[in-house]
A.B. asks: 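Sharing a structure with you now.
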2 protein chains.
Amino acid sequence: MKGIRALARHLDISIGTVSRALNGKPDVNPETRARVMEAARALGYTPNQSGRSLRQGVTNTIGFMIEMSPDANASGDDFFMGVFEGVQTVLNRHRLDLVVFPCPAEENPVDYLSRLVGRGMVDAMIISATRRRDDRIDFLEKTQLPFIALGRSESGPDMRWIDLDFEGVAHSSVARLVAKGHRRIALAIPDGDINLGHVFHDAYRAALSQHGIAYNPALLFRVARVLECGDDLVTALLALPELPSAILLSSEVMSLSLYRKLQERGIRPGRDIAVIGFRDNPRTSFLTPSLTCHSISLSDLGQTLAETLLAGIPAFADLYPGRDRNLIWPMALVQGESDDFDIVPER
Amino acid sequence: MKGIRALARHLDISIGTVSRALNGKPDVNPETRARVMEAARALGYTPNQSGRSLRQGVTNTIGFMIEMSPDANASGDDFFMGVFEGVQTVLNRHRLDLVVFPCPAEENPVDYLSRLVGRGMVDAMIISATRRRDDRIDFLEKTQLPFIALGRSESGPDMRWIDLDFEGVAHSSVARLVAKGHRRIALAIPDGDINLGHVFHDAYRAALSQHGIAYNPALLFRVARVLECGDDLVTALLALPELPSAILLSSEVMSLSLYRKLQERGIRPGRDIAVIGFRDNPRTSFLTPSLTCHSISLSDLGQTLAETLLAGIPAFADLYPGRDRNLIWPMALVQGESDDFDIVPER
DNA sequence: TTGAAAGCGCTAACAG
DNA sequence: CTGTTAGCGCTTTCAA
């Protein structure tokens with residue numbers, strides 16, 4: 001004998017009353033409720049989730065799908081941990097649980113996702129590492145399961161999403177460099193179909209154009225593995241007739257190998273070439289010269305992500321009214337030394 | 001009408017037969033089975049997990065609890081991502097799913113764990129970031145839920161665990177340094193109750209003693225935040241009457257801030273002080289001078305972790321016979337430049 | 001080889 | 001305020 005039935009028998013009352021007492025229903029004698037709560041605590045009773053889910057049709061669980069391919073994971077180590085923290089903060093308010101589903105690198109993300117959703121393991125999903133075109137989004141829209149994407153995509157024009165402010169980062173970076181006299185500004189983005197590369201690329205072009213600088217495709221570098229990009233990047237840079245005076249990175253972790261490889265070739269970041277990283281990441285904060293980048297509160301991002309998701313779930317929607325369906329998350333420039341020099345115009 | 005009932009009605013056969021067909025039971029007409037499989041595929045049917053779990057008493061889900069405090073999590077996402085990948089490889093063989101439970105930094109880990117387990121969300125658990133004394137272990141042993149720890153603990157003398165080879169790392173590091181003439185070898189470990197600090201400390205003492213070097217408590221440094229330890233560490237080093245000639249790190253990410261702060265004070269790692277990191281981490285592989293550390297296959301570790309866990313679950317135990325209940329995971333020294341100099345003995 | 005029916009643990013509707 | 005009961009979706013007897 002286990003579960004609520006054992007608890008009811010132990011208290012010598014019906015399981016219905018026990019259930020109502022435990023779930024805070026109003027029509028329970030306060031004294032009875034106290035006895036039930038106490039016994040539940042003493043016996044360590046926790047309602048079985050399968051039983052609840054089956055009966056109620058909801059799991060009280062929100063899934064967060066992450067991918068384990070190094071490619072999809074350029075955001076840098078502490079990124080997801082920080083976001084999870086914020087998401088939990090909000091979900092806890094509603095007694096919802098966050099569970100993370102790590103999609104193996106070799107498995108098809110849509111198959112993985114559809115298995116999870118089909119099994120009814122979650123009431124809603126958060127997906128990340130959005131592709132420019134992303135079949136997961138089409139799938140989720142078909143199932144009608146509430147979801148939100150951390151990252152925009154062409155596949156989901158009407159979906160809820162929050163994305164980092166690549167436009168703002170590109171504009172503030174370019175503006176800063178141009179003010180220092182730079183004209184030859186390169187860009188490094190991840191190869192492949194992760195959308196942030198495309199978005200950042202577009203934003204970079206727009207920013208250049210705003211400052212009257214012609215877009216030069218030779219200054220665009222697509223790197224295969226973000227962590228080990230330095231070698232390829234420096235080789236490509238040196239193959240140019242003239243070294244760019246600055247380079248923008250779409251992920252700050254690129255800076256680790258880039259700094260090293262530049263220095264091996266006698267090119268001093270912050271002196272011979274300006275480098276602007278992306279996010280303010282503790283793991284890159286000890287580079288010399290310090291990396292100019294953009295700060296963000298991961299926890300706040302996670303909270304807003306969760307709230308925007310809940311705004312799309314009928315049972316919670318009225319608690320988060322008037323919330324935008326999508327949002328560009330602002331980032332603030334953090335001045336470092338990696339771009340702190342002026343170009344002396346040639347005459 | 002949904003689920004298996006809808007499928008059965010659509011095929012005009014009983015739900016029992018559909019269930020048997022789908023689950024590969026032998027007593028089903030091959031033709032019937034084919035029809036069922038085809039219809040399931042066409043209608044996108046996936047059995048509801050709550051229904052299955054309730055009926056079968058198992059969830060086919062293995063939980064992996066991680067903690068989001070930066071302290072417990074210094075190695076960065078890539079450590080766990082690598083381990084997850086290996087764990088999944090093994091679990092997939094048995095159609096088991098891995099789900100990750102991120103415990104918020106401000107929540108009591110035991111409460112968090114007991115909620116999960118009480119709700120019956122998993123058939124077994126993997127825990128990490130073990131403390132020297134760890135209440136989660138006492139709890140799990142009480143519940144009888146199969147589990148394994150990634151990290152040893154005094155709380156679980158009989159539990160299954162796999163831990164990194166801190167002893168081997170300490171011994172090979174000290175031996176290497178002693179051979180180069182070092183005698184004043186410092187150690188940096190995380191402050192707090194995470195067990196690896198204690199284990200590494202003990203191993204370090206044993207290794208010193210093996211080489212006839214007296215343990216000097218003044219050369220032990222406990223750092224609060226692993227990522228930002230450089231400042232405190234260098235300050236403490238400089239407060240000593242004489243600079244140690246070498247320092248061992250219990251986490252390679254310490255090297256990031258340490259290198260920077262040493263260099264700010266004009267102390268050259270690999271020249272004025274030898275530094276030996278812990279794990280071979282892509283994020284530290286671009287330091288100059290390159291960090292001597294120890295390599296490990298995270299995926300293999302994850303696979304063995306999963307197999308050792310399964311060996312403790314009755315339903316799978318016979319598939320993994322003769323497996324040790326616990327294991328020290330070996331790591332191989334990777335020679336770098338950060339300790340590549342000899343001490344000239346004074347006369 | 002198939003159908004019918006019980007029951008996993010729980011909550012909600014209803015009767016008392 | 002409490003007890004009884006149906007039924008969530010599924011698998012597994014048991015009978016046919």
Side-chain angles (χ1 to χ4, degrees), chain A residues 1-37 39-40 43-61 95 97 115-123 315, chain B residues 1-37 39-40 43-61 95 97 115-123 315:
Chain A
M1 179 72 52
K2 275 183 46 185
I4 199 172
R5 180 160 268 115
L7 188 57
R9 181 150 318 179
H10 174 258
L11 287 161
D12 198 31
I13 56 180
S14 76
I15 62 171
T17 302
V18 173
S19 174
R20 286 191 302 266
L22 253 25
N23 289 297
K25 303 288 157 146
D27 54 352
V28 177
N29 185 315
E31 199 176 309
T32 309
R33 188 193 304 279
R35 283 212 312 141
V36 171
M37 297 302 253
L43 302 188
Y45 170 78
T46 312
N48 177 289
Q49 189 59 45
S50 298
R52 289 193 113 179
S53 300
L54 200 53
R55 173 63 225 231
Q56 305 194 117
V58 297
T59 60
N60 295 312
T61 295
R95 317 191 124 264
D97 274 314
R115 253 183 31 234
L116 294 180
V117 172
R119 291 182 180 181
M121 300 187 69
V122 296
D123 294 341
Chain B
M1 180 72 53
K2 275 183 46 185
I4 200 172
R5 180 160 269 115
L7 189 58
R9 181 150 318 179
H10 175 258
L11 288 161
D12 198 30
I13 55 180
S14 76
I15 62 172
T17 303
V18 173
S19 174
R20 286 190 300 264
L22 254 24
N23 289 297
K25 302 288 154 131
D27 53 353
V28 177
N29 185 316
E31 198 178 309
T32 307
R33 187 193 305 279
R35 283 212 311 139
V36 171
M37 298 302 252
L43 303 187
Y45 170 77
T46 313
N48 177 289
Q49 189 59 44
S50 298
R52 290 193 112 180
S53 300
L54 199 54
R55 173 63 227 231
Q56 304 194 117
V58 298
T59 60
N60 295 312
T61 295
R95 318 190 123 263
D97 273 315
R115 252 183 31 233
L116 295 180
V117 172
R119 292 182 180 181
M121 299 187 69
V122 296
D123 294 342

A.B. asks: For DNA chain C, what residues of residues 50-60 of chain B have any heavy atom nearer than 4.0 Å?
C.D. replies: B:L54, B:R55
A.B. asks: Could you give the start and end, 5' to 3', of the contact zone on DNA chain D for chain A, using atoms under 4.0 Å from its heavy atoms?
C.D. replies: D:dC1 to D:dG9
A.B. asks: Shoot me the first and last contacting nucleotide of DNA chain C against chain B, ordered 5' to 3', at under 4.0 angstrom to non-hydrogen atoms.
C.D. replies: C:dT1 to C:dG9
A.B. asks: Quick one: closest heavy-atom pair of B:N60 and B:D123, and the distance?
C.D. replies: N-OD2, 2.7 Å
A.B. asks: Taking only residues two or more places apart in sequence or in another chain, which ones pass salt bridge (charged side-chain N to carboxylate O under 4.0 Å, His left out) with B:R9?
C.D. replies: none
A.B. asks: Can you see which heavy atom on A:G120 is nearest to which on A:T59, and at what distance?
C.D. replies: O-CG2, 3.2 Å
A.B. asks: Does A:I15 have any side-chain contact (heavy atoms from CB on, under 4.5 Å) partners at least two apart in sequence or in another chain, and if so, which?
C.D. replies: A:I4, A:R5, A:A8
A.B. asks: Here's a test of your reading of the structure: between B:K2 and A:R33, which maps to the more 5' nucleotide of DNA chain D?
C.D. replies: A:R33
A.B. asks: Of B:R35, B:E31, B:M37, which is the lone residue that meets side-chain contact (heavy atoms from CB on, under 4.5 Å) with B:R33?
C.D. replies: B:M37
A.B. asks: Which residues pass the side chain to side chain donor-acceptor pair (under 3.5 Å) test with A:S53, not counting sequence neighbours?
C.D. replies: A:Q49
A.B. asks: So, using side chain to side chain donor-acceptor pair (under 3.5 Å) as the criterion, who are the partners of B:N29 when residues are at least two apart?
C.D. replies: none
A.B. asks: How close do B:R20 and B:V28 get, heavy atom to heavy atom, and via which atoms?
C.D. replies: CB-CG2, 3.8 Å
A.B. asks: Could you list the residues that satisfy side chain to side chain donor-acceptor pair (under 3.5 Å) with A:R119, not counting sequence neighbours?
C.D. replies: B:D97
A.B. asks: Side-chain contact test, heavy atoms from C-beta onward, threshold under 4.5 Å: evaluate it for A:V36 versus A:T17 and give yes or no.
C.D. replies: no
A.B. asks: Counting N and O atoms only, with roles assigned by atom type, does the side chain of A:N48 sit under 3.5 Å from a partner on the main chain of A:S50, one being a donor and the other an acceptor?
C.D. replies: yes
A.B. asks: Identify, residue by residue, the members of residues 3-14 of chain B with a heavy atom below 4.0 Å from DNA chain C, and return them in order of residue number, or none.
C.D. replies: B:I13, B:S14
A.B. asks: List the residues meeting side chain to side chain donor-acceptor pair (under 3.5 Å) with A:R55, not counting sequence neighbours, and say none if there are none.
C.D. replies: none
A.B. asks: Let's see if you get this right: which residues in residues 19-26 of chain B place a heavy atom under 4.0 Å from DNA chain D?
C.D. replies: B:S19, B:R20, B:N23, B:K25
A.B. asks: If you look at every strand shown and take non-hydrogen atoms under 4.0 Å, does B:D27 touch a base, only sugar-phosphate, or nothing?
C.D. replies: base
A.B. asks: Using five pairs at either end of the helix from C:dT1-D:dA16 to C:dG16-D:dC1, determine the angle between the two local helix axes and round it to 10 degrees.
C.D. replies: 50°
